[in-house]
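Sharing a structure, written as structure tokens. Questions coming.
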Amino acid sequence: MEKIIHGVAVDAGSGLEAAIRKARGGNSTGSDLLTFKRAVLEVLGTDASTVLVDAACGSDLVNHYPDNCAPMIAYEADVYHISDDDRITVLPDTLSYADYGPLGVSQLKFFMYYAPDDDAALNARKQALVATVGQGCRENDLRYLMEPLVYHPTVEPGTAEYAALKPDLVRRSTQVFADPKFQADVLKVEIPVDLNFVEGFGEPLMTRQAALQAFRDAAEPAAEHELVYLSAGVAFEWFEASLQMAREAGVCFNGFMCGRAIWADSIEVFGKSGETGLRDWLAGTGRTRLRRLIATLQ
């Protein structure tokens, strides 16, 4: 294990902006999204090892990182504007690999929706793009955090059928992008089980022991990589429990990149109480949540 990562992600785009606009109502302004992200960065960044921001806001936020918190910028256009037909990530038109160095940023994150059972030609196109980004990182001396987000072409997430497939989908996707040709330094992967269907959490379609084995199996292909788990918008308590299960399973992982599970509740606070209320919530509940996640790694 090379490095412990306590990451906060606040790289969401139009979806987060819409949620903030709804919460703010008549008090909404065009600068609300940037204000929200800056508050998350400045308050939670004091405990985080890195905070991930998006390409659109990155240049406006790089000077607001607390000391000892490493900047990271996503190399993607708005994730909510991806076509449902191919789910291929769109690259930003306002940022290039060469811009990272002058901004003082040495970490790039890139995600791709990936279904191991999808059309082979489509997956080849996705893999080619992931490899292209990896090469861009190597040529510009950037750490490459690659995030495969799994799906199935015909089975809907959140169902029992999908929960049964998810461990293998995560394992196979991790195996694909662990290949050295993609040049990823860090693999940011999903929790391989849906706790809604795990014994002790929800409907017990999967025993706890089977869930622990799923963690081991899904992580095994990334043995030569740094591995971090993403929260994927689950409730905070369940993401915390998932990290604890990974530790119990004996998985050698480097940490987490957590977004909405930490700060989603603060959107309504921002709407009702403005920036002051937002920062107070982040300094209290938000910081407590982040420190609890950090504690799971110790």
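All values reported here derive from a predicted model rather than from experimental measurement.
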Next on the checklist: Could you tell me if Glu139 and Gln135 have a donor-acceptor pair between their side chains, going purely by distance under 3.5 Å?
Outcome noted: yes
Next on the checklist: If you apply the rule side-chain contact (heavy atoms from CB on, under 4.5 Å), what do you find for Asp265 with Trp281, and how did you get there?
Outcome noted: CA-CA 9 Å; Asp265 294 338; Trp281 188 96; 3.6 Å; yes
Next on the checklist: Please tell me whether Arg172 and Gln175 have a donor and an acceptor in their side chains that are separated by less than 3.5 angstrom.
Outcome noted: no
Item to check | Student check: side-chain heavy atoms of His6 and Arg291 closer than 4.5 Å | outcome: no
Next on the checklist: Taking Arg125 first and then Asp86, would you say they form a salt bridge - that is, a charged N and a carboxylate O separated by under 4.0 Å?
Outcome noted: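 Asp86 and Arg125: salt-bridged.
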Item to check | Worked verdict on Leu108 versus Val133 for side-chain contact (heavy atoms from CB on, under 4.5 Å) | outcome: CA-CA 9 Å; Leu108 177 153; Val133 175; 3.8 Å; yes
Checklist entry - Does any non-hydrogen side-chain atom of Thr285 lie less than 4.5 Å from one of Arg289? => result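 Result yes, sub-4.5 Å side-chain heavy-atom pair found.
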Checklist entry - In terms of ring plane angle, is the pair Phe215 and Tyr229 parallel, tilted or perpendicular, where the classes change at 30° and 60°? => result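 Taking Tyr229 first and then Phe215, their aromatic rings stand perpendicular (interplane angle over 60°).
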Next on the checklist: Is any side-chain heavy atom of Val53 closer than 4.5 Å to one of Cys57?
Outcome noted: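 Of all side-chain heavy-atom pairs linking Val53 with Cys57, none is under 4.5 Å.
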Item to check | side-chain contact (heavy atoms from CB on, under 4.5 Å) against Leu95, all qualifying residues, sequence neighbours excluded | outcome: Ala55, Ile73, Tyr75, Pro92, Asp99, Tyr100, Leu103
Checklist entry - Any side-chain heavy atom of Asp54 sitting closer than 4.5 Å to one from Glu76? => result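 Result no, sub-4.5 Å side-chain heavy-atom pair not found.
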Item to check | Side chain to side chain, Arg143 and Met72, heavy atoms closer than 4.5 Å | outcome: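 They are not in side-chain contact.
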Checklist entry - Which ring pair (Phe, Tyr, Trp, His ring centres under 6.0 Å) pairs, counting each pair once, include a residue from residues 25-60, with sequence neighbours left out? => result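 Pairs touching residues 25-60 that pass the test: Phe36-Trp263.
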Next on the checklist: Would you say CD of Glu248 has more than 12 non-hydrogen atoms from neighbouring residues, nucleotides or ligands within 6.0 angstrom?
Outcome noted: yes
